[in-house]
Visitor: 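Below: one structure in structure tokens.
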Amino acid sequence: YSTCERTLARRAREAHMKRFCKAQAIQRRLEEIEVTFRELEQQGIKVEKLLRDENGSLADQQAQWTNQLLYLVQKKNSLMSEESDLMIAVQELKLEEQQQQLDKKLRSYMNKEENLKTPEDRKAEQEILAQLLKVVNDRNLLIQMQEEKRLSEL
């Protein structure tokens with residue numbers, strides 16, 4: 001029995017560390033996206049000024065600047081989509097962590113002998129089970145949202 005408990009505790013720690021590392025990677029990428037947004041915005045401002053200031057410039061030059069501006073907008077939209085995906089991943093990680101904690105609490109109540117449970121224990125067990133179901137449903141909604149987003153992008 002204690003070996004089983006140790007194994008579960010080790011697996012829980014490993015899962016927690018995996019989520020932590022994933023969260024750090026997501027945070028780094030979000031910071032990179034923020035920096036890239038600022039750079040794209042600065043480039044866009046420069047190109048837009050060139051387009052407005054150079055009314056008498058060649059049509060080829062204006063077309064090139066317009067194409068560059070469109071490229072910057074497309075790149076920004078792509079980054080916004082990636083940022084949205086990352087925010088969903090952050091929410092999913094939070095829900096995973098919450099589910100793991102609730103699962104651990106529920107397991108502690110379920111491991112208790114039925115004749116030793118107080119009415120408060122039974123009530124707490126039911127509340128935890130309800131919270132766990134809500135978290136699972138929330139995770140399911142996130143997955144559905146990701147799938148709908150993926151299909152709409154296709």
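Because the structure is predicted, anything quoted here is derived from the model rather than measured.
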Visitor: When rounded to the nearest 0.5 angstrom, what is the spacing between CD in Glu5 and CG in Asn111?
Guide: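 Going from the CD atom of Glu5 to the CG atom of Asn111 covers 7.5 Å.
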Visitor: Between atom CD of Gln61 and atom CG of Leu50, what is the distance when rounded to the nearest 0.5 Å?
Guide: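 So the gap between those two atoms works out to 8.0 Å.
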Visitor: Could you give me the CA-CA distance, side-chain angles and deciding distance for Lys117 and Glu125, then say whether side chain to side chain contact (heavy atoms under 4.5 Å, CB included) is met?
Guide: CA-CA 10 Å; Lys117 289 182 185 178; Glu125 185 177 346; 2.8 Å; yes
Visitor: Does Thr36 form a side chain to side chain donor-acceptor pair (under 3.5 Å) with Lys75? I'd like the steps, not just the answer.
Guide: CA-CA 10 Å; Thr36 307; Lys75 183 125 172 124; over 6 Å; no
Visitor: Please identify each residue that fulfils side-chain contact (heavy atoms from CB on, under 4.5 Å) with Asn137, with sequence neighbours left out.
Guide: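 Listed in chain order: nothing, the list is empty.
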Visitor: Between Glu92 and Arg19, does any NZ, NE, NH1 or NH2 come within less than 4.0 Å of an OD or OE carboxylate oxygen?
Guide: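 Salt bridge: no.
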Visitor: Write down the atom of Leu69, the atom of Gly44, and the distance for their closest heavy-atom approach.
Guide: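 Residues Leu69 and Gly44, closest heavy atoms: CD1-O, 3.8 Å.
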Visitor: Go through the structure and list residues passing side-chain hydrogen bond (donor to acceptor under 3.5 Å, both in side chains) with Lys49, not counting sequence neighbours.
Guide: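 Lys49 satisfies side-chain hydrogen bond (donor to acceptor under 3.5 Å, both in side chains) with no other residue.
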Visitor: Evaluate Ile45 against Glu48 for side chain to side chain contact (heavy atoms under 4.5 Å, CB included), listing each step before the verdict.
Guide: CA-CA 5 Å; Ile45 290 170; Glu48 193 173 339; 5.7 Å; no
Visitor: Please identify each residue that fulfils side-chain contact (heavy atoms from CB on, under 4.5 Å) with Asn77, with sequence neighbours left out.
Guide: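 In terms of side-chain contact (heavy atoms from CB on, under 4.5 Å), with neighbours along the sequence ignored, Asn77 is linked to Val73, Met80.
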Visitor: Between Arg122 and Glu114, which heavy-atom pair has the shortest distance, and what is it?
Guide: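 Reported closest heavy-atom pair: NH2-O, 3.0 Å.
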Visitor: Indicate yes or no for a side-chain donor-acceptor contact from Thr7 to the backbone of Thr3 under 3.5 Å, with no hydrogens or angles considered.
Guide: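 Present.
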Visitor: Are any of the side-chain heavy atoms of Leu8 and Arg107 separated by less than 4.5 Å?
Guide: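 They are in contact (side-chain heavy atoms under 4.5 Å apart), so the answer is yes.
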Visitor: Of all residues at least two apart in sequence or in a different chain, which pass the side-chain contact (heavy atoms from CB on, under 4.5 Å) check with Thr66?
Guide: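 So Thr66 forms a side-chain contact (heavy atoms from CB on, under 4.5 Å) with Leu51, Leu70.
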Visitor: Just checking Lys104: does its NZ atom have more than 12 heavy atoms from other residues, nucleotides or ligands closer to it than 6.0 angstrom?
Guide: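 Counting other residues, nucleotides and ligands, NZ of Lys104 stays at 12 neighbours or fewer.
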Visitor: So do the side chains of Met145 and Leu141 get within less than 4.5 Å of each other, counting heavy atoms only?
Guide: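 Answer no - side chains too far apart.
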Visitor: Leu102 and Ile128: which non-hydrogen atoms are nearest, and at how many Å?
Guide: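 Minimum heavy-atom separation between Leu102 and Ile128: O-CG2, 3.5 Å.
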Visitor: About how many Å separate CG of Asp138 and CG of Leu133, when rounded to the nearest 0.5 Å?
Guide: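 That separation rounds to 11.0 Å.
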Visitor: Working to the nearest 0.5 Å, report the span between CG of Asp103 and CE of Met110.
Guide: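 Going from the CG atom of Asp103 to the CE atom of Met110 covers 9.5 Å.
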Visitor: Mind checking side-chain hydrogen bond (donor to acceptor under 3.5 Å, both in side chains) for Glu32 and listing every partner two or more places apart, or none if nothing turns up?
Guide: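 Glu32 satisfies side-chain hydrogen bond (donor to acceptor under 3.5 Å, both in side chains) with Arg29 only.
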Visitor: Report whether Val136 and Leu129 are members of the same hydrophobic cluster (ILVMFWY, side-chain heavy atoms less than 4.5 Å apart, transitive linking).
Guide: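 No, because Val136 and Leu129 fall into different hydrophobic clusters, even though each may have its own neighbours under 4.5 Å.
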Visitor: I'd like to check Asp85 versus Gln146 (side-chain heavy atoms, cut-off strictly below 4.5 Å). Are they in contact?
Guide: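 No, their side chains stay 4.5 Å or more apart.
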Visitor: Given side chain to side chain contact (heavy atoms under 4.5 Å, CB included), test Lys22 with Lys18 step by step and report yes or no.
Guide: CA-CA 6 Å; Lys22 188 173 181 181; Lys18 186 176 180 181; 5.8 Å; no
Visitor: Any salt bridge linking Lys123 with Glu120? Criterion: basic side-chain nitrogen under 4.0 Å from a carboxylate oxygen.
Guide: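 So Lys123 does not pair with Glu120 through a salt bridge.
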Visitor: Please list, chain by chain and in numerical order, all residues satisfying salt bridge (Lys or Arg N to Asp or Glu O under 4.0 Å) with Glu14, sequence neighbours excluded.
Guide: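 If we apply the salt bridge (Lys or Arg N to Asp or Glu O under 4.0 Å) test to Glu14, skipping adjacent residues, the hits are Arg10.
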Visitor: Is it true that Ile26 and Leu79 fall in one hydrophobic cluster, defined by side-chain heavy atoms closer than 4.5 Å?
Guide: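 Same cluster: Ile26 reaches Leu79 through Ile, Leu, Val, Met, Phe, Trp or Tyr contacts under 4.5 Å.
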Visitor: Tell me, do Met87 and Leu30 make a side-chain contact under 4.5 Å, heavy atoms counted?
Guide: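 Side-chain contact under 4.5 Å: yes.
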Visitor: Any non-hydrogen side-chain atom of Lys112 less than 4.5 Å from a side-chain atom of Ser108?
Guide: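 They are not in side-chain contact.
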Visitor: Measuring from Glu83:CD to Ile33:CD1, what's the distance to the nearest 0.5 Å?
Guide: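 Here the interatomic distance stands at 6.0 Å.
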Visitor: I need the Ile88 CD1 to Gln91 CD distance, nearest 0.5 Å.
Guide: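 The CD1 atom of Ile88 sits 9.5 Å away from the CD atom of Gln91.
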Visitor: Above 12 or not: heavy atoms from other molecules or residues under 6.0 Å from CD of Glu153?
Guide: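 It does: Glu153 CD has more than 12 such atoms within range.
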Visitor: Which atom pair, heavy atoms only, marks the closest approach of Val135 to Leu95?
Guide: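 Closest approach of Val135 to Leu95: CG1-O, 3.4 Å.
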Visitor: Dump the intermediate steps for side chain to side chain contact (heavy atoms under 4.5 Å, CB included) on Leu72 and Lys76, then the final yes or no.
Guide: CA-CA 6 Å; Leu72 292 173; Lys76 184 177 179 183; over 6 Å; no
Visitor: Side chains of Glu97 and Gln101: donor-acceptor distance under 3.5 Å anywhere?
Guide: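 Checked: Glu97/Gln101 side chains pair up, N/O donor to acceptor below 3.5 Å.
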